[in-house]
Amino acid sequence: MALDKKYDFKAVEEGRYSKWKAAGYFTAGDKSKQKFSMVIPPPNVTGKLHIGHSIDNTIQDITCRYKKAKGFDVLYLPGVDHAGIATQAKVDAKLASEGKSRFSIGREAFMKEAFDWKNKHTDIIHSQWEKMGIMVDYSRERFTLDEGCSKAVNEVFVRLYNEGLIYQGERIVNYDPVMKTALSNIEVVYKEDDGKFFYFKYPYADDSSKFLTVATTRPETMFGDTCVVVNPNDDRYKDVVGKFVINPANHEKIPVIADEYVDITFGTGAMKCTPAHDPNDFIIGKKYNQKFIVIMNVDGTMKENCGIYAGMDRIECRNLLVSNIEKEGNLIKIEDYKHQVGHSERSDAVVEPILSKQWFIKMKPLAERVLENQKNPDTKVNFYPARFENVLIQWMSNCDDWCISRQLWWGHRIPVYYHKTTKKLLVSAEKPKDIENWTQDEDVLDTWFSSALWPFETMGWPDESSDDFKRYYPNDVMVTGYDIIFFWVARMVFQGLHFTNKAPFKDVVIHGIVRDSQGRKMSKSLGNGIDPIDVINTYGVDSLRYFLATTASPGQDMRYSEEKVKSSNNYLNKIWNSARFILMNIPENYEFKSVDLNKLEAVDKNILTKLERTIEKVTKAMDAYDYGVASSVLYNFVYDDFCSNYLEMTKVTLKNENAYKEGTYFTLIKTLKAVLMMIYPFSPFIAEEIYLNLPQHLDSIMLESYPEYENNLLFEDDESRVNTIYELIEGIRQYKVQNDLAPNAALDLAINSDLKLDDLYQYLSRFAFAKSLTETKEEVKGATAIILPKVSLYIVDGIDKEELKNKILKEIEVLKNEIKRSEGMLNNKNFLEKAPEAKINVEKEKYQNFKLKLQQLDEKLKNL
RNA sequence: GGAUGUUUAGCUCAGCUGGGAGAGCAUCGCCUUUACACGGCGGAGGUCAGAGGUUCGAGCCCUCUAACAUCCACCA
């Protein structure tokens with residue numbers, strides 16, 4: 001078999017994935033091996049996958065393919081997330097475009113719509129996984145709303161409730177008036193908005209000629225005000241504390257109280273207090289036994305207790321109220337004011353803090369368990385890079401209780417039932433038998449509630465005796481972006497510890513996000529997103545994967561760069577062509593078998609030695625999830641050692657009748673195979689295609705083992721002798737360029753060396769166009785010398801000019817500086833005492849070489 | 001206000017536990033040599049943000065400063 005002249009990624013990738021899948025290579029379950037498991041972060045069923053998913057999946061798949069090649073039974077478990085708010089927003093929008101709403105069609109019909117949506121998008125996601133080439137085990141695919149996950153969710157809810165860790169409470173929560181649901185604190189994103197600061201007169205109740213000035217950004221909440229608060233140390237207001245003022249919005253009498261919370265220097269130092277619509281005011285309200293007056297509906301319209309404003313939208317109300325207060329002469333001024341305003345992460349609506357009854361998880365005991373666990377080196381979760389552990393610890397150290405109820409339809413219904421007549425509350429995983437007497441809680445759970453259980457609910461939990469749970473839990477690694485540590489990683493860790501007594505995974509590998517070429521975040525509004533499918537169609541998935549895995553260092557953001565994708569493609573083409581060369585040069589029916597290592601040619605020993613070192617370094621980096629380092633070590637080996645040096649050399653040995661060619665064939669195939677295995681996790685398609693053209697291949701590279709480091713293949717003497725040849729060739733080439741000689745100018749050479757340089761002339765004539773090579777025991781006068789440790793090579797003709805003299809002078813200058821530096825070090829007592837001996841010896845050797853070279857250059861200069 | 005990250009060649013970025021700075025792209029010169037022009041050979045280009053300090057030795061460790069970025073918490 002022979003490879004095509006050009007690496008055609010389309011031909012290479014076409015149909016390959018379905019063959020792998022059909023052959024069952026993605027299915028875990030080989031009990032003879034040690035297990036390695038990971039779950040995919042389930043993508044939302046809201047749309048198609050973007051390049052952020054691509055980097056995530058690429059790193060996961062590299063990890064899995066590497067581990068599989070290293071002999072593990074790998075489980076890479078796929079699935080999708082129902083994505084409560086996000087999906088419901090999409091389905092709501094679809095219904096709206098058809099002139100319908102979820103309320104007009106009812107819960108059942110809505111759920112059908114939503115499931116249709118989910119199915120359609122799951123299909124899209126599947127086709128994208130296929131395009132990305134990820135080896136997920138479809139036989140174990142899960143969905144966060146499937147039966148097993150629902151069972152796990154109910155179990156967790158009930159147990160946490162019974163343990164007192166879930167409670168129902170009336171508290172200020174962030175309300176999204178567009179989606180009409182409560183949100184957790186981390187679903188609120190703060191943005192700087194242009195707002196207004198309104199200054200109002202609050203006349204004294206007993207003397208309308210006097211007033212307090214109170215400033216606010218949200219005048220519409222004044223209907224819920226119960227008092228005005230000033231700082232007790234604020235001299236301006238000492239006399240008014242304890243008196244009453246008139247709320248200019250509704251003309252009600254409210255007291256002025258004093259509390260140190262108020263910042264004297266901010267605004268006017270007098271703050272209106274709305275206990276039901278502001279978290280800080282809520283605390284003050286509790287402290288001073290205030291009423292909690294809710295004045296806004298969940299859709300952002302004003303309640304009946306707002307007089308003429310009842311039913312108005314909050315902003316409409318604000319505008320009208322301000323102008324009415326102005327008419328009454330109580331508006332002092334309006335200032336422009338930039339401030340941070342909370343927006344809903346999903347709908348972007350300005351969130352309203354509203355007092356409402358919701359379900360919460362009590363975080364403190366759960367978080368403390370996480371913090372405790374991180375102190376134990378044996379059971380802690382290891383972050384790569386390590387600094388991200390701080391993000392977890394910091395958040396766990398001071399997080400608020402988690403509001404888990406959502407006023408949505410798409411999600412896990414809260415397993416709480418209210419008795420129709422007795423009003424008794426029942427928390428139960430199973431529906432009550434006399435369901436007709438009960439009403440189930442209308443709310444669903446936060447999506448992240450089920451996501452938090454993902455690492456174990458997908459493996460059979462709560463049935464801890466299930467095969468997969470016993471074998472594959474806990475997971476070995478979790479790969480995800482840093483933007484999701486709070487939302488997901490932290491919650492998986494505390495739920496895992498609480499319910500399985502184990503951290504859900506040993507390692508967490510954190511990666512950054514892909515930005516556009518200018519470093520901006522990709523977003524719909526900017527329209528700067530890169531569709532991975534477009535990249536795959538242009539450059540192939542192997543190039544995209546290589547690019548994504550190798551462009552950024554761990555945890556760091558990266559910029560999308562088409563040039564780099566292209567250069568990844570060039571690299572793969574290079575590997576393709578090196579393979580093509582090798583396959584062209586081994587005999588037709590060559591059988592790959594071991595050979596007599598002692599008889600190997602020096603150039604073969606040289607590359608085998610370098611290969612072993614490469615395997616060692618690459619493996620070490622792969623084990624540390626450091627794919628950037630692994631790939632660059634391999635890259636340098638492939639380009640410099642393998643292609644530029646070794647393959648060129650074999651052009652000589654393969655034509656040499658006396659050479660041990662069996663050894664060269666062996667070395668060629670062994671090295672190529674190792675290179676393929678090392679590139680395979682990154683770019684599996686091209687690796688497979690070439691692999692299947694090797695002699696004695698298995699059915700697929702997916703069945704092949706990763707190369708092991710073998711120290712019986714280290715031939716250090718031969719390695720350094722051959723390196724000397726490479727250096728001589730390089731020196732002659734430089735000489736030609738510097739002396740304006742044609743690259744193929746023929747030269748007479750003389751050599752003085754103790755080294756056994758096998759077939760040196762062959763190599764020099766082939767790669768440096770040597771006309772002759774003679775041995776000499778002394779310096780050749782008037783010739784240019786290439787001086788290496790233990791070798792001097794003289795270029796006898798091609799003679800000098802003034803330029804050459806200048807060059808020598810320059811070289812002498814450089815050498816003198818080196819010698820000065822070296823002498824400085826070697827004369828430094830501290831260095832000699834404190835530096836490691838090996839380092840000192842290296843420096844001494846360098847020094848000797850410098851001296852020798854200088855002496856020879858001086859000679860040469862004299863002879864000119 | 002708290003925290004983290006970044007600052008290295010024209011551009012985008014590597015640089016592992018401190019021991020004389022690398023890659024890709026771009027650029028210059030030469031080469032169509034039967035693996036590859038998606039290439040080969042050779043070159044040019046860096047006070048490693050700044051200032052101190054530790055060390056025999058600092059891009060790397062410590063302190064401070066500056067710019068940029070991100071996250072968390074936020075005063076009505």
Side-chain angles (χ1 to χ4, degrees), chain A residues 3 5-7 185-186 190 197 214-218 221 228-229 261-263 265-274 278 280-281 339-340 385 387-388 390-391 394-395 398-399 482-483 485-486 512-513 517 519 521 550-553 555-564 566-585 617 620-621 624 626 628-629 631-633 635-636 639 643-644 647-648 651 729-730 733-738 740-744 766-767 769 818 821-822 824-825 828-836 838-840 842-843 846:
Chain A
L3 295 173
K5 187 171 179 191
K6 288 258 147 86
Y7 157 51
N185 292 354
I186 54 176
Y190 287 87
F197 217 6
V214 176
T216 178
T217 54
R218 293 192 298 157
T221 62
V228 170
V229 192
Y261 169 78
V262 174
D263 180 351
T265 62
F266 187 83
T268 62
M271 179 189 91
K272 71 185 213 50
C273 178
T274 322
D278 183 279
N280 293 307
D281 294 6
H339 61 155
Q340 297 287 102
R387 66 184 146 89
F388 287 104
N390 297 335
V391 180
Q394 205 135 3
W395 195 61
N398 44 34
C399 59
Y482 61 70
D483 48 334
I485 294 176
F486 301 137
I513 62 173
S517 58
K521 232 171 171 167
T550 62
T551 300
S553 57
Q556 219 61 46
D557 289 351
M558 66 183 284
R559 296 186 187 202
Y560 178 76
S561 152
E562 186 164 354
E563 289 73 38
K564 284 199 178 179
K566 207 184 244 176
S567 87
S568 303
N569 189 265
N570 292 351
Y571 172 45
L572 297 177
N573 181 63
K574 185 78 181 173
I575 293 177
W576 177 270
N577 273 291
S578 67
R580 196 167 149 257
F581 169 78
I582 291 168
L583 293 172
M584 280 167 61
N585 281 290
K617 283 186 205 156
K620 195 178 156 203
D626 200 344
V629 169
S631 65
S632 87
V633 169
Y635 181 94
N636 290 330
Y639 264 96
C643 291
S644 294
L647 290 187
E648 292 302 320
K651 289 173 183 172
I729 291 171
E730 199 180 309
R733 283 171 170 165
Q734 282 169 0
Y735 170 84
K736 287 183 181 177
V737 170
Q738 285 163 11
D740 284 330
L741 294 174
N744 60 355
R766 177 76 163 77
F767 301 110
F769 299 92
E818 286 295 316
R821 177 189 64 80
S822 202
M825 277 173 92
N828 184 333
K829 273 183 196 161
N830 286 321
F831 174 70
L832 295 174
E833 279 165 20
K834 293 179 183 176
K839 196 71 210 169
I840 296 172
V842 167
E843 199 53 46
K846 269 191 193 167

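Computed from a prediction, not measured in an experiment: that's the story for all the values here. In what follows, chains carry the letters A, B, and so on, assigned in the order in which the sequence lines appear, proteins first and then strands, with residues in each chain numbered from 1.
By the 4.5 Å heavy-atom criterion applied to side chains, A:N280 and A:Y261 are counted as neighbours. Between A:R580 and A:N577 there is a side-chain heavy-atom pair separated by less than 4.5 Å. Considering only heavy atoms from C-beta on, A:L647 comes within 4.5 Å of A:I582 through its side chain. Two residues are said to be in side-chain contact when any heavy atoms from C-beta on lie closer than 4.5 Å; A:D278 and A:T221 fail this criterion.
When heavy atoms are screened at a 4.0 angstrom cut-off, A:S553 is found touching the sugar-phosphate backbone but no base atom. Across all strands, A:T550 comes closer than 4.0 Å to no nucleic acid atom at all (heavy-atom distances). A:Y635 comes within 4.0 angstrom of sugar-phosphate atoms only, judged by non-hydrogen atoms across all strands, and of no base.
Comparing the C1' positions of B:G24 and B:C38 gives an interatomic distance of 14 Å, to the nearest angstrom. Atom C1' of B:A23 sits at a distance of 10 Å from the matching atom of B:G15, rounded to the whole Å. Nucleotides B:G52 and B:A69 place their C1' atoms 26 Å apart, quoted to the nearest Å. Using P as the reference atom, B:U47 and B:A21 are 14 Å apart when rounded to the nearest Å. Comparing the P positions of B:U4 and B:A76 gives a spacing of 26 Å, expressed to the nearest Å.
Looking at A:D626, its side chain never comes within 3.5 Å of a backbone N or O of A:A621 through a donor-acceptor pair. Looking at A:S517, its side chain never comes within 3.5 Å of a backbone N or O of A:S561 through a donor-acceptor pair.
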side-chain contact (heavy atoms from CB on, under 4.5 Å) assessment of A:Y560 paired with A:T551 = CA-CA 9 Å; A:Y560 178 76; A:T551 300; over 6 Å; no
task = Dump the intermediate steps for salt bridge (charged side-chain N to carboxylate O under 4.0 Å, His left out) on A:K566 and A:E563, then the final yes or no.
result = CA-CA 5 Å; A:K566 207 184 244 176; A:E563 289 73 38; over 6 Å; no
query = When you look at A:Y7 and A:L572, which way does the side-chain contact (heavy atoms from CB on, under 4.5 Å) test go after all the steps?
reply = CA-CA 8 Å; A:Y7 157 51; A:L572 297 177; 3.8 Å; yes
message = For nucleotides 31-44 of chain B, give me one character per nucleotide, 5' to 3': B if any protein heavy atom sits under 4.0 Å from the base, S if the only such contacts are to the sugar-phosphate, - if neither.
response = ----BB-BSSSSS-
query = Quick one: what's the B/S/- string for nucleotides 57-63 of chain B, heavy-atom cutoff under 4.0 Å, read 5' to 3'?
reply = -------
ask   = Just by protein heavy atoms under 4.0 Å, how would nucleotides 66-76 of chain B read 5' to 3' in B, S and -?
value = -----SS-BBB
For RNA chain B, the dot-bracket pattern of Watson-Crick and G-U pairs whose distances stay under 3.5 Å, | for other-strand partners = (((((((..((((.....[..)))).(((((.......))))).....(((((..]....))))))))))))....
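Under a 4.0 Å N-O distance rule, the pair A:R733/A:E730 does not qualify as a salt bridge.
A side-chain donor from one of A:D557 and A:Y482 sits under 3.5 Å from a side-chain acceptor of the other.
In this pair, A:F266 and A:F197 present their aromatic rings tilted. The plane angle is within the 30 to 60° band.
Taking the ring centre of A:Y635 as origin, the terminal cationic atom of A:K574 falls outside the region bounded by 6.0 Å and 45° from the ring axis.
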Atom pairs, N/O to N/O, protein against nucleotides 26-28 of chain B, distance under 3.5 Å?
none

Anything under 3.5 Å between a protein N or O and an N or O of nucleotides 2-6 of chain B, put it in a table, one pair a line.
unit_1 : atom_1 : unit_2 : atom_2 : d
B:G5   : O2'    : A:Q556 : NE2    : 2.9

